[in-house]
There are 2 protein chains.
Amino acid sequence: MGEKLTAVTMKTLANKLGVSITTVSNAYSKPDRLSTDLRDQILATAKELGYCGPSAAGRALRSGKTDVCGFLFHGGVSHAFSDPYSIMLLAGLSEAVEEYGASVLLLRAPAAEEATNQMLQRAAIDALVVGSAERQESGIEQLRQRGVRIVSTAPSADGDWVTINDAKAGRLIGKHLARLGHRQVVVIASGASKGGMESFDYSPDGMDDRLFAGTYESERIRGLWEKMPDARITVAFAGHCIRESGRRAAGQALDVQDRPTAIVALSDTLALGAWDAAQERGLTPGRDLSISGFDDIPDARFLGITTIHQPVTEKGRLIGRLAMDPDYPDRQITLPIELIVRASTGPAPKN
Amino acid sequence: MGEKLTAVTMKTLANKLGVSITTVSNAYSKPDRLSTDLRDQILATAKELGYCGPSAAGRALRSGKTDVCGFLFHGGVSHAFSDPYSIMLLAGLSEAVEEYGASVLLLRAPAAEEATNQMLQRAAIDALVVGSAERQESGIEQLRQRGVRIVSTAPSADGDWVTINDAKAGRLIGKHLARLGHRQVVVIASGASKGGMESFDYSPDGMDDRLFAGTYESERIRGLWEKMPDARITVAFAGHCIRESGRRAAGQALDVQDRPTAIVALSDTLALGAWDAAQERGLTPGRDLSISGFDDIPDARFLGITTIHQPVTEKGRLIGRLAMDPDYPDRQITLPIELIVRASTGPAPKN
DNA sequence: ACGTTACACTTTATCGATTAACTTAGCAAG
DNA sequence: CTTGCTAAGTTAATCGATAAAGTGTAACGT
């Protein structure tokens with residue numbers, strides 16, 4: 001019966017009221033450019049005809065604004081949501097972005113770089129939030145040229161970012177462990193191992209082959225190393241930043257003759273896994289084995305894991321502001337961190 | 001110098017190669033409508049000129065497809081991300097949606113319904129995933145008329161949904177607790193209390209005033225009630241579905257003369273809070289007090305909380321398929337559930 | 001009285017791409 | 001030799017809205 005096959009658009013309203021389309025448009029986006037009377041009339045007619053505001057697609061095409069902020073998940077498949085750190089960051093981001101009347105678009109990078117690029121180009125976004133490694137990728141650069149603002153969580157000479165001093169974070173952990181007498185440390189990193197190696201002994205030279213320079217992980221390790229000159233530091237790769245991967249990697253590190261006295265997981269999520277691995281082997285964290293993490297996620301507090309606190313939600317908020325507001329003054333922000341000592345670390349056991 | 005101020009579009013390519021814009025478009029979206037040779041040429045030229053695929057805005061306007069699936073968070077502000085259930089659902093959704101080459105747009109409903117509507121209408125989406133209560137709202141109906149597919153997590157006569165049998169879930173818990181001899185139960189619901197009441201005794205009649213009919217929570221309570229005919233069931237509202245709110249609500253319920261012998265939290269997140277409240281009061285769950293939840297989130301397993309398992313991630317995946325594929329055959333899906341008995345429930349203590 | 005502004009709209013020209021409806025040319029079948 | 005069909009393109013018409021520039025009053029200052 002009353003089924004309209006044609007959508008109600010600004011044109012419909014304009015015709016019905018005998019005004020121009022522009023005026024209808026202004027009624028929504030520039031209220032001061034027309035009389036209050038007319039505006040009220042237009043809005044009333046809109047309600048009457050069931051018109052519900054400017055179409056996002058039309059607006060996006062003409063004005064170039066989408067009111068959407070992309071969030072690129074690193075680390076692939078379905079693991080992204082398993083890391084509380086990501087989720088907390090996302091919560092803060094979402095909150096800030098919302099204040100600008102915008103929303104967050106989740107972009108999960110497929111394994112292939114080609115595919116990731118495609119996905120990025122296909123997304124209608126005003127800004128994009130990326131992690132450390134990705135900001136070099138060609139697709140990101142293309143986006144920037146298209147006018148998409150890029151905000152990173154890793155520092156760089158130019159560009160916008162919100163970060164922490166990861167090297168310092170590493171130093172704080174290193175100093176703490178050194179004082180406790182640890183000399184044999186296994187670091188658990190999230191990345192997949194390059195070249196098929198299970199693990200390798202760390203030295204700051206020749207790292208670029210194995211860990212991308214400038215990654216938060218490489219920074220943290222370097223800081224650790226600086227404060228533990230006498231220790232043997234072995235790096236093991238977990239594969240993904242999820243608890244289960246941490247458990248496996250830590251398990252392998254513990255099932256050797258000369259067991260390390262401390263495990264430094266490069267994120268709390270991995271540290272939780274290390275905790276699981278210790279439990280399974282009857283080792284009490286803090287007594288038989290020291291375990292530390294980074295980021296201070298809620299579960300770390302619950303289990304009592306020594307870690308580096310950073311204001312993750314606030315980080316997300318700041319990132320959101322940089323992303324949505326081109327005029328936000330501070331565009332390169334380093335947030336404060338703090339060593340939180342809990343029961344999971346203790347004096348190195350004597351063999 | 002070589003700075004192009006005009007963006008590279010299909011037109012640029014078409015002119016350079018002396019073909020029509022349509023042909024360039026087809027090179028991307030309908031490869032079988034042109035010769036392989038020409039297609040390769042177009043793609044090569046695209047790479048050369050730095051053209052990176054059809055613009056999302058243009059495509060969206062003309063074709064009406066955005067390859068975006070909206071996800072409407074219920075429960076407002078920043079609490080949305082604190083509930084593992086939401087996150088798991090989101091993970092599954094995101095995974096499925098990705099298979100269709102689309103992404104998920106997070107839409108967080110502000111408190112005011114007006115504002116929510118605005119936000120919804122401004123979003124460029126092909127489909128929208130909503131929770132239980134929201135599907136009635138006027139804004140949602142407008143979206144449907146605009147051609148946005150709506151998928152809900154609550155059942156209804158028409159429409160698409162993926163759900164579980166919440167009444168049955170309640171019955172499973174009820175039967176379990178009744179067998180254990182519990183007669184005095186406090187139910188912790190997530191919603192804010194209506195009319196300023198702290199809590200009230202449940203009876204299936206006259207519920208509509210306090211809990212929306214058809215809400216998963218009201219279903220679960222009803223099921224519980226059916227299997228506990230001899231018990232006194234009191235409902236308390238936590239305010240939000242976060243652990244802390246659960247702790248507060250449970251705390252209030254426990255700090256009375258005639259303490260309940262069982263707390264039935266309507267979600268595991270709230271049950272965790274109840275657990276906290278019990279601990280604080282020196283009560284051992286399963287012995288001094290029974291605590292149960294719903295949904296079986298990882299932390300519930302960790303703490304050993306009796307709960308109803310449902311395949312949340314799979315639920316998310318199915319929702320994603322319904323959202324992105326209009327031809328997906330089953331459009332009203334009820335997933336299986338299972339009672340998981342853990343240590344947090346035990347025989348009612350005798351006074 | 002004359003130029004200047006402000007106000008409240010209108011006109012026109014796109015934004016970048018897709019769809020539907022047409023051309024051709026080439027080839028097979030009858 | 002004609003008809004019919006397919007492959008490979010082209011042309012024209014939008015999709016819905018906004019930006020930039022223009023029009024015509026009315027009020028204002030001097």
Side-chain angles (χ1 to χ4, degrees), chain A residues 4-42 46 49-67 121-126 142 145-148, chain B residues 4-42 46 49-67 121-126 142 145-148:
Chain A
K4 282 256 177 180
L5 287 179
T6 47
V8 183
T9 75
M10 288 194 175
K11 200 173 181 180
T12 323
L13 292 196
N15 289 343
K16 170 119 182 179
L17 284 166
V19 298
S20 74
I21 301 183
T22 301
T23 299
V24 177
S25 170
N26 285 338
Y28 285 95
S29 42
K30 289 168 189 163
D32 50 326
R33 289 218 186 160
L34 52 96
S35 63
T36 323
D37 282 2
L38 181 51
R39 174 155 196 262
D40 291 347
Q41 243 184 77
I42 292 177
L49 297 186
Y51 178 74
C52 24
S55 108
R59 167 210 285 277
L61 176 56
R62 181 64 241 235
S63 72
K65 300 249 154 197
T66 59
D67 286 344
Q121 308 302 336
R122 272 187 153 53
I125 51 179
D126 291 342
Q142 287 186 340
Q145 280 172 16
R146 276 195 177 186
V148 175
Chain B
K4 282 253 178 181
L5 287 179
T6 47
V8 184
T9 76
M10 288 194 174
K11 199 173 182 178
T12 323
L13 291 197
N15 288 344
K16 170 119 182 180
L17 284 165
V19 299
S20 74
I21 300 183
T22 300
T23 299
V24 177
S25 171
N26 284 338
Y28 284 95
S29 42
K30 289 169 188 161
D32 50 327
R33 290 219 185 161
L34 45 79
S35 63
T36 322
D37 281 4
L38 181 52
R39 174 155 197 261
D40 291 348
Q41 244 184 76
I42 292 177
L49 296 186
Y51 178 75
C52 23
S55 107
R59 167 210 286 277
L61 176 56
R62 181 63 242 234
S63 71
K65 301 250 152 194
T66 58
D67 286 345
Q121 308 303 336
R122 273 187 152 54
I125 51 179
D126 290 342
Q142 288 187 338
Q145 280 172 17
R146 276 196 176 185
V148 174

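Below, chain A is the first sequence line, B the second, and so on; all start at residue 1.
Summarising the geometry, the separation between CG on B/Asp67 and P on C/dA17 is reported as 15 Å, rounded to the nearest angstrom. To the nearest angstrom, C1' of C/dT18 lies 9 Å from CE of B/Met10. Per the geometry, CD1 belonging to B/Ile21 stands 11 Å off P belonging to C/dT18, to the nearest Å. Between A/Ile42 atom CD1 and D/dA17 atom P the separation is 13 Å, expressed in whole Å. Remark: C1' of C/dA8 and CG of A/Asp40 are 15 Å apart, rounded to the nearest angstrom. Put simply, CZ on B/Arg39 is 17 Å from P on D/dA7, counting in whole angstrom units. We find that CG of A/Leu17 is positioned 10 Å from P of C/dT10, with the value rounded to whole Å. Atom CG in A/Leu34 sits roughly 17 Å away from atom C1' in D/dT25 (whole-Å rounding).
Nearest nucleotide to the B/Ser35 side chain, out of C/dA17, D/dA19, D/dA8: D/dA8. Here the nucleotide nearest the side chain of B/Leu61, chosen from C/dG16, C/dT10, D/dA17, is C/dG16. For A/Arg59, taking side-chain heavy atoms from C-beta onward, the closest of the listed nucleotides C/dA17, D/dT18, D/dT10 is D/dT18. Nearest nucleotide to the side chain of B/Thr23, out of C/dG16, D/dG9, D/dA19: D/dG9.
Nearest heavy atom pair, residue B/Ser55 against residue B/Gly58, reads OG-N, 3.0 Å. Between A/Val8 and A/Leu49, the shortest heavy-atom distance links the atoms CG2-O, 3.6 Å.
B/Tyr28 comes within contact range of no nucleotide atom at all, as no heavy-atom separation falls under 4.0 Å. Nucleic acid contact class of B/Val19 (heavy atoms, under 4.0 Å, all strands): sugar-phosphate only.
If you take CG on A/Leu13 and CE on A/Met10, they are separated by 8.0 Å, rounding to the nearest 0.5 Å. Considering CG of A/Leu38 and CD of A/Gln41, their distance stands at 6.0 Å, rounded to 0.5 Å.
Close to C/dT10, at under 4.0 Å from its OP1 or OP2, lies a side-chain N or O of A/Ser20. The shortest distance between the side-chain N/O atoms of B/Lys11 and the OP1/OP2 oxygens of C/dC15 is not below 4.0 Å. Proximity of A/Lys30 to the phosphate of D/dA19: a side-chain N or O atom is located under 4.0 Å from OP1 or OP2.
Each of B/Ser63 and B/Asp32 was assigned the nucleotide of DNA chain D with the nearest heavy atom; the assignment lying further toward the 5' end belongs to B/Asp32. For the pair B/Arg33 and B/Gly53, nearest-nucleotide mapping onto DNA chain C gives the more 5' position to B/Gly53. Of the two residues contacting DNA chain D, namely A/Asn26 and B/Arg62, the nearest-nucleotide position lying further toward the 5' end is that of B/Arg62.
Around the CZ atom of A/Arg33, the shell of radius 6.0 Å holds no more than 12 heavy atoms that belong to other residues, nucleotides or ligands.
Side chains of B/Cys52 and A/Arg146 form a contact here, defined as non-hydrogen atoms less than 4.5 Å apart.
Between the side chain of B/Thr22 and the base of D/dT11 there is at least one donor-acceptor pair of N/O atoms closer than 3.5 Å.
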